[in-house]
Amino acid sequence: YEAYKFFAEIVSRDVEPGSVDERFVGDALAEIGRYVQRGIPGTPVAADPDTAREYFQRAANYGSPIGQFEVGKMYLQRAESSPSKLRMAGRWLKLAAKNGHEGARAMLGNLLFQSGKVVDGLAMMTAALERADVDDRAWIRNMQEEAFAVTEEPVRRKAIDRADQFMLGEPY
């Protein structure tokens with residue numbers, strides 16, 4: 001709860017988009033969104049997914065990769081209802097990945113894999129797994145292994161070679 005209050009203090013100083021503090025405030029908004037999404041037991045912060053979405057959207061607009069990732073996930077969860085939601089999910093995930101969010105890179109890779117761009121999709125998931133924080137490795141590994149399991153060996157080898165290019169910073 002103390003961390004929540006700290007982030008709320010940062011956000012209360014709201015800055016203009018484009019300022020030097022923009023990303024700092026964006027990341028604080030994203031962290032508040034995470035707290036509000038789950039709630040904090042024994043505090044006034046109750047779980048409120050709608051309010052969390054608003055925080056994530058504001059964070060994304062401020063350039064926070066965490067916010068961009070969360071917005072991408074929200075669109076992805078609603079993608080079955082509309083192809084445009086899938087496109088929006090892809091756009092937000094790509095932006096978050098370009099800004100260094102490895103979870104977004106993994107999800108974007110999975111979207112590419114599912115859309116038939118197998119080598120690039122597997123490569124992105126593999127690169128994301130290599131770079132991901134410890135907390136994200138398990139779910140990324142699971143997603144990557146599921147995709148590798150249904151792919152033929154020559155394609156897997158191409159994807160591993162391509163992952164090396166992603167690791168070197170080649171754009172995707």
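Just so it is clear, the values below take in all heavy atoms, side chains as well, and ignore hydrogens, waters and symmetry mates. Counting from 1, the numbers follow the sequence of the chain as shown.
Closest non-hydrogen pair, A123 versus A159, comes out as CB-O, 3.4 Å. Across all their heavy atoms, A147 and M125 have their closest contact at CB-CE, 3.7 Å. The shortest heavy-atom contact between A96 and Q68 is CA-OE1, 3.4 Å. Considering all non-hydrogen atoms of both residues, M124 and G109 come closest at CB-CA, 3.7 Å. Nearest heavy atom pair, residue H101 against residue P65, reads CD2-O, 3.7 Å. The two atoms that bring A59 and A30 nearest to each other are CB-N, 3.5 Å, heavy atoms only.
Within 6.0 Å of the OH atom in Y1, the count of heavy atoms belonging to other residues, nucleotides or ligands exceeds 12. By the 6.0 Å contact criterion, CZ on F148 is enclosed, its count of non-hydrogen atoms from other residues, nucleotides or ligands being greater than 12.
In summary, R53 and D50 engage in a salt bridge, as defined by a charged side-chain N under 4.0 Å from a carboxylate O. In this structure, R157 pairs ionically with E153, as a charged nitrogen and a carboxylate oxygen lie closer than 4.0 Å. Taking 4.0 Å as the cut-off between side-chain N and carboxylate O, R137 and D133 do not count as a salt-bridged pair. Salt-bridge formation is not detected for the pair E9/K5: no Lys NZ or Arg NE/NH1/NH2 atom is positioned less than 4.0 Å from an Asp or Glu carboxylate oxygen.
In this structure, NZ in K158 is found 11.5 Å from CG in D120, a value given to the nearest 0.5 Å. For the atom pair CD1 of I140 and CD of E145, the computed distance is 12.0 Å after rounding to the nearest 0.5 Å. Summarising the geometry, atom CZ belonging to F7 is positioned 4.5 Å from atom CD belonging to E31; distances are rounded to the nearest 0.5 Å. Interatomic distance, D27 CG to E22 CD, rounded to the nearest 0.5 Å: 10.5 Å. Put simply, CG on D164 and CD on E130 are 9.0 Å apart, with the number rounded to the nearest 0.5 Å.
Between F113 and L122, some side-chain heavy-atom pair lies under the 4.5 Å cut-off. The closest side-chain heavy-atom distance from F69 to W92 is not below 4.5 Å. At a threshold of 4.5 Å between non-hydrogen side-chain atoms, the residues P49 and V36 do not count as touching. By the 4.5 Å heavy-atom criterion applied to side chains, F56 and R34 are counted as neighbours. Taking 4.5 Å as the limit, some side-chain heavy atom of M107 sits within range of a side-chain heavy atom of W139. Contact check for E70 versus S64: no side-chain heavy atoms found under the 4.5 Å cut-off.
Note: the hydrophobic cluster containing Y62 also contains I32 (ILVMFWY, side chain heavy atoms under 4.5 Å, direct or indirect links). Both M143 and L112 are members of a single hydrophobic cluster when ILVMFWY side chains are connected at heavy-atom separations under 4.5 Å. With hydrophobic clusters built from ILVMFWY side chains whose heavy atoms lie under 4.5 angstrom apart, I10 shares a cluster with V45. Follow the hydrophobic side-chain contacts under 4.5 Å out from V118 and you reach L129 in the same cluster.
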Inset, instruction - Check the pair F24 / L29 against side-chain contact (heavy atoms from CB on, under 4.5 Å), numbers first and verdict last. - result: CA-CA 9 Å; F24 187 64; L29 284 162; over 6 Å; no
Inset, instruction - Start with the C-alpha gap between R58 and V11, add the side-chain angles, then the distance that decides, and say whether side-chain contact (heavy atoms from CB on, under 4.5 Å) holds. - result: CA-CA 11 Å; R58 284 181 62 203; V11 169; 4.1 Å; yes
Legend entry - Derivation and outcome, side-chain contact (heavy atoms from CB on, under 4.5 Å), residues R13 and V25: CA-CA 8 Å; R13 298 181 187 156; V25 171; over 6 Å; no
Inset, instruction - With side-chain contact (heavy atoms from CB on, under 4.5 Å) as the test, would you mind laying out the steps for L111 and L76 before giving the verdict? - result: CA-CA 10 Å; L111 284 175; L76 197 55; 3.6 Å; yes
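Using cut-offs of 30° and 60° on the angle between ring planes, the pair Y35 and Y4 is perpendicular.
Checking side-chain atoms of R156 against main-chain N and O of T151 turns up a donor-acceptor pair under 3.5 Å. Judged by distance alone, with hydrogens and angles left aside, the side-chain atoms of N99 form a donor-acceptor pair with the main-chain N or O of L95 at under 3.5 Å.
Side-chain contact of Q165 with R162: a donor-acceptor pair under 3.5 Å is present, judged by distance alone.
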